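As structure tokens, the structure follows; a few thoughts come after it.
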There are 4 protein chains.
Amino acid sequence: MQFDNSRPIYLQIIESIKKQLARGELQPGQKLPSQREMAAELQVNPNTVQRAYREMETMGLLETLRGQGTFISNRPGLLPEIKAELAGGILNRFIVEMRSLGLNAREILSLVHQALEQEEEGKR
Amino acid sequence: MQFDNSRPIYLQIIESIKKQLARGELQPGQKLPSQREMAAELQVNPNTVQRAYREMETMGLLETLRGQGTFISNRPGLLPEIKAELAGGILNRFIVEMRSLGLNAREILSLVHQALEQEEEGKR
Amino acid sequence: MQFDNSRPIYLQIIESIKKQLARGELQPGQKLPSQREMAAELQVNPNTVQRAYREMETMGLLETLRGQGTFISNRPGLLPEIKAELAGGILNRFIVEMRSLGLNAREILSLVHQALEQEEEGKR
Amino acid sequence: MQFDNSRPIYLQIIESIKKQLARGELQPGQKLPSQREMAAELQVNPNTVQRAYREMETMGLLETLRGQGTFISNRPGLLPEIKAELAGGILNRFIVEMRSLGLNAREILSLVHQALEQEEEGKR
DNA sequence: GTGGTCTAGACCACC
DNA sequence: GTGGTCTAGACCACC
């Protein structure tokens with residue numbers, strides 16, 4: 001994985017795990033690599049991974065079982081929450097970009113509508 | 001300006017100029033910095049700027065007058081074309097990202113609708 | 001191949017390839033020498049060959065497959081287009097030259113007619 | 001004037017003078033520069049100019065008057081002859097080029113016809 | 001091995 | 001001073 005210099009690495013690790021969850025690449029209840037393993041994989045300081053894991057535990061995204069490891073939380077509603085959060089971010093960035101082209105709400109909605117319809121036609 | 005290692009610099013220059021045009025930061029008919037100036041500004045080789053300028057001329061985006069400089073084309077319809085192109089790209093990336101979260105067309109449209117409405121309320 | 005100092009080398013390479021195509025010395029679909037080979041043959045810098053190849057790709061004359069090589073396009077209608085273009089150029093230069101001798105349209109046409117008839121007789 | 005390495009310079013001088021005559025840049029009866037002057041202008045050995053002048057005199061194109069200089073011949077019919085000769089050369093090269101594109105007599109004639117007609121329309 | 005990108009720098013044509 | 005062409009050579013991505 002490549003990190004972006006503009007944001008703290010631990011935040012990028014968190015975001016990456018959220019995306020993997022949303023895409024189904026990670027499942028609730030699944031065991032994560034140990035902090036040491038993850039740090040080695042990402043070529044990052046173990047302290048950085050620890051910070052990411054700690055924050056995700058605080059958010060209720062992970063659960064740590066002493067001596068067993070760290071797991072994606074099984075808490076009901078987790079996945080929808082994550083998806084909603086990610087979707088919100090994507091949505092905001094999208095609207096900002098479209099606005100910067102001088103498009104108003106009606107035009108943006110209309111373009112999204114068209115694009116989705118064309119996609120449907122493409123499938124047929 | 002910062003360049004992304006993953007894409008050719010000359011393409012990033014082109015995209016940057018398109019965006020500036022769409023945002024009104026550049027106007028049709030306006031003179032661009034000379035190839036040497038632009039190269040100095042961007043800390044890039046003049047040949048790389050020239051490649052970008054040449055491709056934009058081929059696309060009908062710029063016009064170059066030997067010995068005088070390079071200008072944004074005055075061709076009618078230029079701005080709408082550029083905006084449509086950029087909007088199309090933003091739209092496609094947006095839909096791909098939303099789809100990767102498992103959202104269907106109806107849900108995407110509904111979320112965009114909500115987000116735009118909230119924005120409206122925020123203004124009041 | 002010898003190059004003319006008065007015109008850019010890359011344009012002369014392009015014209016040479018068009019002529020070879022028109023004469024049937026190159027066939028649609030055929031693989032061209034690699035940029036390096038062609039550069040060595042013509043005793044020219046590889047960048048110059050690449051420029052020629054790239055412009056021809058833009059014109060739809062060539063197709064390049066990364067890592068595999070560069071090929072004459074198989075696009076239907078390619079050959080007639082090229083021939084028409086070359087013929088147009090020859091024709092224009094011919095008429096300009098004849099006009100510079102003070103000949104009018106009727107005289108030019110008549111001379112061409114005679115010359116072609118004589119040629120026919122020569123064959124018999 | 002630039003000379004072509006592939007043909008003797010004195011022949012190129014002769015051809016140049018014929019062209020100037022055909023275009024009206026030189027007139028029958030007009031005095032030519034002295035051999036010395038011409039040699040200086042063209043940056044060529046005086047012997048080369050002498051050879052050109054001698055051959056043109058043999059052809060009846062020039063007349064040399066001892067002590068007065070060299071003149072374009074006033075012989076009636078000179079201009080038409082020169083023009084016919086030059087036209088013949090242009091015509092032959094033209095037909096060879098068109099043939100090399102695979103065009104037959106009928107097609108060549110038709111293209112010339114079209115080109116001349118379009119030229120006429122352009123004037124209106 | 002093939003094409004693609006980029007740098008550094010020279011020299012030219014046109015203004 | 002401006003863009004246009006060309007060389008020499010490096011390094012990369014894809015095959």
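None of these values were measured; they are calculated from a predicted model. All chains are named by letter (A, B, ...) in the order of the sequence lines, taking the proteins before the strands, and each is independently numbered beginning at 1.
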- Rounded interatomic separation in angstrom, taking CZ from C:Phe71 and P from F:dC15: 13 Å

- Message: Assess the residue pair C:Ser73 and C:Leu62 against the criterion (side chain to side chain contact (heavy atoms under 4.5 Å, CB included)); give the C-alpha distance rounded to whole Å, side-chain angles, the decisive distance to 0.1 Å, and a yes or no.
- Response: CA-CA 5 Å; C:Ser73 167; C:Leu62 303 185; 6.0 Å; no

- Phosphate contact (E:dT7 OP1 or OP2) by B:Gln43 side-chain N/O below 4.0 Å: no

- Message: In whole Å, I'd like the distance from the OH atom of B:Tyr53 to the P atom of F:dT5.
- Response: 17 Å

- D:Pro46 versus D:Gln35: any side-chain heavy-atom pair under 4.5 Å? no

- Given Watson-Crick and G-U pairs under 3.5 Å, DNA chain E in dot-bracket ([ ] crossing, | other strand) is ||||||||||||||.

- pair A:Leu116-B:Arg99: side-chain heavy atoms closer than 4.5 Å: yes

- Task: Please lay out, stage by stage, how B:Leu21 and B:Leu61 fare under the test side chain to side chain contact (heavy atoms under 4.5 Å, CB included).
- Result: CA-CA 10 Å; B:Leu21 249 171; B:Leu61 212 149; 3.7 Å; yes

- Query: Under 4.0 Å between a side-chain N or O of B:Thr64 and OP1 or OP2 of F:dT2?
  - Reply: no

- When the nearest nucleotide of DNA chain E is assigned to C:Gln35 and to B:Arg7 on a heavy-atom basis, which residue is associated with the more 5' position? C:Gln35

- Donor-acceptor side-chain pairing of C:Ser16 and C:Gln20 below 3.5 angstrom: yes

- Under the side chain to side chain contact (heavy atoms under 4.5 Å, CB included) criterion, do B:Thr64 and B:Met56 qualify, and how do the steps go? CA-CA 10 Å; B:Thr64 60; B:Met56 287 189 278; over 6 Å; no

- D:Glu37 side chain vs D:Ser34 backbone, donor-acceptor pair below 3.5 Å: yes

- Message: If you compare every side-chain N and O of B:Thr70 against the phosphate oxygens of F:dT2 (OP1, OP2), does one of them come in below 4.0 Å?
- Response: no

- In whole angstrom, what separates B:Arg51's CZ from F:dT5's P? 14 Å

- Just how far, in rounded Å, is P of F:dT5 from CG of C:Asn5? 15 Å

- Message: Less than 4.0 angstrom between a side-chain N/O of B:Gln50 and OP1 or OP2 of F:dG4, yes or no?
- Response: yes

- Task: Map B:Pro33 and C:Ile9 onto DNA chain F by nearest heavy atom, then report which one ends up closer to the 5' terminus.
- Result: B:Pro33

- Message: Can you work out whether C:Lys31 or C:Arg54 has the more 5'-proximal nearest nucleotide on DNA chain E?
- Response: C:Lys31

- Message: With rounding to the nearest 0.5 angstrom, report the CD to CD distance, B:Glu15 to B:Glu85.
- Response: 9.0 Å

- Task: Could you state the atom-to-atom distance from CD1 of C:Ile14 to P of F:dC6 in whole Å?
- Result: 10 Å

- Item | C:Thr48 side-chain proximity, nearest of F:dC6, E:dT7, E:dC15 | F:dC6

Close N or O pairs between protein and nucleotides 9-12 of chain F (under 3.5 Å):
from	atom 1	to	atom 2	distance (Å)
F:dG9	O6	C:Asn47	OD1	3.3
F:dG9	O6	C:Asn47	ND2	2.8

- Distance in angstrom units between C:Leu11 CG and F:dT5 C1', rounded: 10 Å

- Item | Between P of E:dT2 and CG of C:Leu32, the distance in whole Å | 13 Å

- CD1 of A:Ile9 to CD1 of A:Ile14: how many Å apart, nearest 0.5 Å? 12.5 Å

- Query: OP1, OP2 of F:dC6 versus side-chain N and O of C:Tyr10: anything below 4.0 Å?
  - Reply: no

- Could you give the CZ-to-P distance, from B:Phe3 to E:dT5, as a whole number of Å? 15 Å

- Please tell me if the side chains of C:Val112 and C:Met98 come closer than 4.5 Å, counting only heavy atoms from C-beta onward. no

